[in-house]
Amino acid sequence: RPIPAVSHPGAPAALQQAGLPLPPSIDNGQLVTLPSALSVPDANGNTTGTFQMELLNKDGRIGIYLPEARRARIARFHAKRKMRIWRKRIKYDCRKKLADSRPRIKGRFVKRSDMDE
């Protein structure tokens, strides 16, 4: 679905900082939101993140990123993924002790009176 063309005063600055070439006219193309990491604050401190759809996958880009920038982003993702903790963590020992002491049938908690039956 086409996105309506929108003119934003900070769009040229966001394009320049992201390393994207400035289009001939921002008013006649479709604009899309940039990732927050590429958005640039304007003179009023507002952040903008718009670029033209025509710039996607152009000039050796992969999406909106140059190959070096994409490699850096993927390396950061992989580094963060390696540091994730996958083991089970018990936050409250008192709750674990209480749960372990309660009677169970087929893994479900039951009343003590049901245990006699």
Side-chain angles (χ1 to χ4, degrees):
R1 177 178 138 172
I3 299 170
V6 177
S7 177
H8 195 285
L15 291 172
Q16 287 174 340
Q17 183 170 0
L20 301 171
L22 286 176
S25 171
I26 293 230
D27 292 329
N28 65 2
Q30 293 178 346
L31 297 179
V32 176
T33 303
L34 277 174
S36 60
L38 296 178
S39 59
V40 179
D42 60 7
N44 298 332
N46 300 327
T47 57
T48 178
T50 53
F51 70 97
Q52 288 198 339
M53 289 289 292
E54 298 155 2
L55 299 176
L56 287 176
N57 299 323
K58 298 284 170 101
D59 302 324
R61 293 181 191 284
I62 303 168
I64 62 170
Y65 301 106
L66 292 171
E68 306 84 42
R70 185 171 187 271
R71 241 179 263 116
R73 284 179 167 268
I74 291 173
R76 182 172 180 253
F77 165 76
H78 285 205
K80 288 176 75 175
R81 186 173 63 180
K82 276 185 188 175
M83 295 179 67
R84 290 181 191 161
I85 299 171
W86 296 101
R87 68 181 182 277
K88 184 177 176 183
R89 180 176 167 215
I90 299 169
K91 291 184 181 180
Y92 303 102
D93 287 330
C94 57
R95 291 182 185 177
K96 170 102 172 100
K97 288 176 186 173
L98 180 65
D100 289 341
S101 67
R102 289 179 66 184
R104 301 174 190 238
I105 294 179
K106 295 184 180 178
R108 296 184 180 211
F109 294 123
V110 293
K111 295 180 182 174
R112 293 199 187 273
S113 60
D114 293 343
M115 289 291 294
D116 297 334
E117 297 174 1

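Within the structure, the salt bridge (Lys or Arg N to Asp or Glu O under 4.0 Å) test picks out no pair touching residues 74-95 (sequence neighbours left out).
The two atoms that bring D59 and L66 nearest to each other are O-CD2, 4.5 Å, heavy atoms only.
By the side-chain contact (heavy atoms from CB on, under 4.5 Å) test, I62 is found to be paired with R70, residues two or more places apart in sequence or in another chain being considered.
Sparse packing is recorded around OH of Y92, with 12 or fewer heavy atoms of other residues, nucleotides or ligands lying under 6.0 Å away.
In this structure, OH in Y65 is found 12.5 Å from CG in N57, a value given to the nearest 0.5 Å.
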Pairs under 3.5 angstrom only: tabulate donor-acceptor contacts from the side chains of residues 96-107 to other protein residues two or more places apart or in another chain.
residue: K96; atom: NZ; partner: D100; partner atom: OD1; Å: 3.4
residue: K96; atom: NZ; partner: D100; partner atom: OD2; Å: 3.2
residue: S101; atom: OG; partner: K97; partner atom: O; Å: 3.4
residue: S101; atom: OG; partner: L98; partner atom: O; Å: 2.8
residue: R104; atom: NH2; partner: A99; partner atom: O; Å: 3.3

